[in-house]
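Note sheet for the following structure.
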Amino acid sequence: MDKIFRVNMSDLSTKIEAVPSAWAGLGGRGLTSTIVAAEVPPTCHPLGENNKLVFAPGLLTGTPAANSGRLSAGAKSPLTGGIKESNAGGTAAQMLARLGIKALIIEGLPKGDAWYSLHVTKDGVTVQEETELLGKGNFAVIEALEARLGKKTGILTIGQAGELKMTAANISVKDPDSKIRSHGRGGLGAVMGSKRIKFITIDDQGAPGVKVAEPEKFKTAARTFAKALLDHPVSGEGLPTFGTNVLVNILNEAGGLPTRNFTYGQFEAHEKISGETMHDTIVERGGKPKHGCHAGCIIQCSQVYPDKEGKYVTSGFEYETIWGIGADCCVDNLDDIAVADNLMDDIGIDSIETAVMFGVAMEAGILPWGDGKGIIRLLKDEIAQGTPLGRILGGGAGSVGRAFGVTRVPVVKNQGIPAYDPRSVKGIGITYATSTMGADHTSGYTIATNILNVGGHVDPLKKEGQVELSRNLQIATAAVDSTGMCIFVAFPALDIPECLPALIDMINARFGINLTGDDVTELGKYILKTERQFNIAAGITNAHDRLPEFFTTEPVPPHNAVWDFTDEEIDEFWNF
Amino acid sequence: MDKIFRVNMSDLSTKIEAVPSAWAGLGGRGLTSTIVAAEVPPTCHPLGENNKLVFAPGLLTGTPAANSGRLSAGAKSPLTGGIKESNAGGTAAQMLARLGIKALIIEGLPKGDAWYSLHVTKDGVTVQEETELLGKGNFAVIEALEARLGKKTGILTIGQAGELKMTAANISVKDPDSKIRSHGRGGLGAVMGSKRIKFITIDDQGAPGVKVAEPEKFKTAARTFAKALLDHPVSGEGLPTFGTNVLVNILNEAGGLPTRNFTYGQFEAHEKISGETMHDTIVERGGKPKHGCHAGCIIQCSQVYPDKEGKYVTSGFEYETIWGIGADCCVDNLDDIAVADNLMDDIGIDSIETAVMFGVAMEAGILPWGDGKGIIRLLKDEIAQGTPLGRILGGGAGSVGRAFGVTRVPVVKNQGIPAYDPRSVKGIGITYATSTMGADHTSGYTIATNILNVGGHVDPLKKEGQVELSRNLQIATAAVDSTGMCIFVAFPALDIPECLPALIDMINARFGINLTGDDVTELGKYILKTERQFNIAAGITNAHDRLPEFFTTEPVPPHNAVWDFTDEEIDEFWNF
Amino acid sequence: MQITVKLFATFRAGRFAVEPRTYPPGTPIVEVIRELDIPEAQIGMIMLNNRHAEPEQELHEGDNLSLFPLVGGG
Amino acid sequence: MQITVKLFATFRAGRFAVEPRTYPPGTPIVEVIRELDIPEAQIGMIMLNNRHAEPEQELHEGDNLSLFPLVGGG
């Protein structure tokens with residue numbers, strides 16, 4: 001039987017609880033958002049004793065289903081002030097699932113100044129004081145803990161940014177190569193830091209494992225599902241070859257690649273930071289062009305990027321990071337971007353928020369456009385050290401905008417807008433505006449249909465159809481985020497008819513139930529509405545479902561498009 | 001005929017316009033809020049081209065009515081994100097009124113990097129480029145401008161804080177002694193800085209002056225009004241003798257003097273920073289215990305505070321500043337507080353927001369409790385210089401709280417909570433929560449009735465009657481803020497029956513109209529509703545009419561009171 | 001019984017700021033005011049042990065009594 | 001007429017990244033695809049002058065034509 005593991009940091013007590021029946025059918029985002037909505041007062045201080053940090057593997061995590069190893073983390077966000085779910089790969093999700101841990105809930109705040117670690121085993125959670133690894137970066141933490149507890153240990157950790165409670169701090173998850181995947185967005189690392197937990201280790205020895213109710217049915221569905229993933233050109237070929245960074249040239253061509261802090265839609269040096277160039281560079285230097293973020297990933301969109309001497313620089317080197325440090329900051333040196341990526345992983349700071357932030361910082365005159373070495377220096381000498389400038393930068397794009405009086409600050413609900421200009425790709429603008437998470441491309445990835453011709457085509461430059469597109473995708477994504485699946489299963493799911501039914505069949509076979517496609521849609525709607533209700537109670541209303549003013553007044557070349565949705569058109573989103 | 005003077009900084013053009021009939025009966029806060037609500041898009045960036053900065057003298061300003069020389073300034077606030085009206089003494093209001101300028105509206109943003117000044121005369125406004133006085137503090141600006149344009153010149157200016165667009169920046173107004181009064185709250189100095197206006201000079205030569213429609217009736221009413229001010233012990237004796245700082249000992253005795261960043265309700269060293277001590281010190285050193293902020297002020301609550309050698313240190317040395325740098329930061333040296341007060345005037349930064357901020361900064365560990373010299377150093381070396389730390393501090397209490405992850409941050413709508421603990425003086429908590437301005441004691445000063453037994457008595461420690469008290473005072477205050485009157489006329493108005501009718505008679509005689517007491521109440525209601533409507537459209541709703549969480553969870557000694565109003569009880573405020 | 005009496009603002013002139021004083025048990029506040037020769041009409045606010053009080057209230061051993069003229073600020 | 005043709009991702013293998021190329025007036029996009037020996041089924045996205053286009057569309061002097069296989073990311 002699955003259990004809830006609960007830790008109260010106020011008295012350092014731990015409990016194992018039965019799963020309430022209302023939570024039994026939930027996993028991943030559906031479960032973390034339900035728990036946060038049920039147990040966290042929406043108006044509480046995100047870094048105070050009433051916030052809770054919740055981890056939950058997905059409904060299929062721990063089964064042999066391909067790409068099902070994602071972990072959801074949830075809390076009230078110190079960045080947006082609203083609810084937050086952020087999911088990541090790595091090894092922790094499958095270990096928690098095999099241990100029968102439906103959710104790990106961390107609540108309360110320690111009284112004194114001591115720091116702690118949590119250790120999770122089949123018998124429960126133990127809380128220990130931690131001194132040795134304070135102030136250390138994530139890579140050092142992982143290295144030390146593997147030496148301390150063994151190579152197989154699962155690890156969730158925060159870097160200096162989380163210890164400093166910076167609102168761009170993330171939570172890092174050890175991946176199969178002892179590198180890092182991240183619960184990146186929304187400042188969840190600051191929540192963990194506020195609870196004075198430096199890391200969480202997981203030992204799954206003696207784990208009961210995940211029982212599948214109908215093994216044969218599961219096997220058949222899993223095979224169909226995996227075939228769909230491998231058959232689709234995006235998940236089967238494009239992503240493993242070029243990684244997500246294949247998008248640089250595509251968005252540049254479409255005029256939707258935000259450049260120089262969202263001033264232009266194209267970057268002159270796009271080719272130098274493109275997926276094609278990156279692929280050739282990795283191959284030439286003897287790196288790995290493909291790599292999975294968790295066991296059972298068959299898409300392998302990740303990669304290992306080495307330097308000129310063939311030495312490891314970074315992995316999980318994503319389009320959004322490369323776009324942000326690259327085009328948005330006008331940095332045309334992929335090696336500099338790779339070093340910055342690795343530093344952000346080590347410091348434990350969201351590479352999207354931080355990349356968007358550097359664009360605003362350049363606009364503010366803190367460093368010159370294109371200064372990749374300057375970015376590296378600021379990460380090391382300011383952010384990691386928690387200097388006053390580092391704290392401004394570590395607060396993300398909105399923080400820099402406020403401190404320096406910048407008006408071109410691309411954020412929604414104070415969260416940085418990622419790598420797709422909402423003026424020239426209008427569907428994603430609806431997602432940025434309406435997402436319960438603040439600006440978040442993954443919550444309703446209209447790029448698929450606006451740009452990539454996946455799931456049909458909706459003209460990115462016209463308003464028609466965008467609200468409906470974003471709504472359908474956000475509902476579907478909320479459901480997929482509950483399964484433990486990587487969001488990239490959406491590419492085959494949108495194009496290959498057998499894919500989604502196979503996914504539902506796997507859930508049914510796992511639990512011995514009979515969900516239909518409609519049930520899954522209803523789950524997605526329930527999640528969005530639950531999250532939205534939390535946000536409204538926290539004071540985030542329609543008036544915050546808006547893009548920053550400059551998108552409506554500054555046309556972006558080459559299409560010279562502006563953001564032209566009326567408030568009423570945007571608010572139609574919630575009409576479901 | 002009164003006119004609207006309008007300046008467009010986008011093209012540096014100026015215009016003189018007739019007063020629209022809808023604005024004819026308005027002045028001061030009623031007029032600035034009406035103009036901001038009518039012309040500023042609520043969702044605009046406060047430092048962007050669509051915000052407008054509006055100045056308006058009150059309905060009685062420029063007449064011989066006692067204490068009628070206050071100037072209102074309005075805009076969308078970069079601190080709160082909502083509408084802002086802040087009023088101040090000084091010489092500008094009466095000069096503008098005599099020039100027949102009903103309002104000065106400044107809109108747009110200059111394109112380049114140049115800075116400007118405005119010069120206002122009877123013929124209109126001229127815009128000039130300014131280079132000499134950039135980066136200078138307010139005292140140097142005033143000195144230079146008097147040398148440049150003559151001693152009688154009216155001056156509105158911003159210091160370094162406003163140039164740096166810090167959200168705690170104020171707008172300074174030259175007073176009759178060439179010292180400074182401030183449009184303190186809400187960051188209006190940053191709005192002026194965003195428009196790249198270093199200062200505004202006023203020359204009232206050839207001004208037509210204010211015509212009174214019924215001079216005899218006016219004279220009679222003015223005499224009755226002045227007599228009420230002089231007869232009431234608060235305005236006639238207490239304020240001129242001890243200044244507003246008489247409150248330190250009173251609030252300390254009532255257990256409502258927020259101490260050590262709102263941890264306690266009493267300050268051990270209260271006597272050392274009290275109004276009584278201040279009065280004796282000023283007299284002993286040969287300073288001036290009483291002093292008016294504008295010509296025609298008969299209350300004279302201000303003073304000139306000298307150092308041990310009898311040299312000028314500061315004037316307009318207010319309770320809220322002394323409380324904030326004093327009790328809230330545990331600084332027990334009045335001389336240090338006086339130096340800090342003068343520096344805040346010079347830098348042009350709100351002395352309430354900044355005082356509250358330093359309490360949070362001490363909580364964050366930026367400097368030790370009680371370190372008055374450290375406060376002076378941070379003002380000079382960090383805030384005035386615009387260092388990264390200075391920018392965090394210059395953003396006010398909320399800014400420091402966010403940058404350093406502090407949870408005890410006394411702000412409402414991101415504006416610092418002043419000198420009265422809302423747990424032990426509950427009426428003022430309702431004002432903090434519901435004011436359209438963010439936490440603002442002046443917008444509905446329940447201290448009068450909760451503590452001072454003026455206008456009756458409502459027990460400060462009980463919830464009963466507080467919402468109604470705050471509502472009535474906020475309505476009345478909005479109306480008084482429209483007359484150009486100093487808010488301290490409220491003390492006699494609450495106790496002496498002839499006072500308020502005389503005030504209304506003066507307005508009627510001035511314009512040849514027949515307002516009743518009900519009309520004045522309706523004006524107050526209209527102003528509050530207009531401001532609230534702006535805020536709602538800007539995304540500030542009931543959910544933001546709340547005090548920070550810690551007031552509900554941390555009891556404050558000596559009464560161990562908590563903030564215990566339900567959301568529904570607070571929301572009753574708007575039921576009118 | 002022993003009472004701590006505190007005077008504020010103009011009440012201090014010719015009197016004191018804080019003084020421990022002795023009164024017979026059951027003395028009402030108004031007696032203290034009279035004894036100190038403060039005209040009752042000038043009393044703005046009475047605080048007894050940090051709470052507002054009325055002149056008729058009786059004092060008890062160890063009480064803290066604070067007397068203020070009608071003053072204000074803000 | 002002169003056309004700038006850009007190829008992306010796997011289409012570059014054995015071909016080119018960018019090339020100015022000459023075609024008779026009125027050539028449709030599909031002709032270029034055939035000429036480059038790209039299987040039509042592999043075409044994921046066509047962009048003509050930064051806008052999505054269909055294979056049948058005719059090209060004009062100075063056009064920028066970009067051809068992508070079906071790829072994605074995010």
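So you know, we letter chains A, B, ... as the sequences are listed, proteins then strands, and number each from 1.
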*B:Thr387 and B:Glu382: side-chain hydrogen bond (donor to acceptor under 3.5 Å, both in side chains), yes or no, with the steps?*
CA-CA 5 Å; B:Thr387 64; B:Glu382 304 285 349; 2.4 Å; yes
_Partner chain A: residue of B:Arg391, B:Lys165, B:Glu49 with the largest heavy-atom pair count (under 4.5 Å)_ = B:Arg391
_Looking only at side-chain N and O atoms, does A:Asn414 offer a donor or acceptor that is under 3.5 Å from a partner on A:Arg402?_
yes
*Among B:His45, B:Met166, B:Arg546, which has the most heavy-atom pairs under 4.5 Å with chain A?*
B:His45
*A:Asp11 and A:Lys111: salt bridge (charged side-chain N to carboxylate O under 4.0 Å, His left out), yes or no, with the steps?*
CA-CA 8 Å; A:Asp11 59 7; A:Lys111 306 275 180 291; over 6 Å; no
*asked:* Please classify the contact between A:Ile536 and chain B as side chain, backbone, both or neither, with a heavy-atom cut-off of under 4.5 Å.
replied: backbone
_Please classify the contact of A:Phe404 with chain B as side chain, backbone, both or neither, using a heavy-atom distance under 4.5 Å._
both
*Could you look at B:His544 and say if it's the side chain, the backbone, both or neither that has a heavy atom under 4.5 Å from chain A?*
side chain
*Tell me, side chain or backbone of B:Ser399 under 4.5 Å from chain A's heavy atoms, or both, or neither?*
neither
*Where is the tightest heavy-atom contact between A:Lys76 and A:Pro46, given as atom of each residue plus distance?*
O-CB, 3.8 Å
*Top residue by heavy-atom pair count (under 4.5 Å) with chain B, among A:Gly395, A:Ala403, A:Pro548?*
A:Ala403
*May I ask you to decide if A:Pro41's main-chain N or O and A:Asn50's side chain share a donor-acceptor pair within less than 3.5 Å?*
no
*Could you tell me whether B:Arg408 and B:Glu554 have a side-chain N and a carboxylate O separated by less than 4.0 Å?*
yes
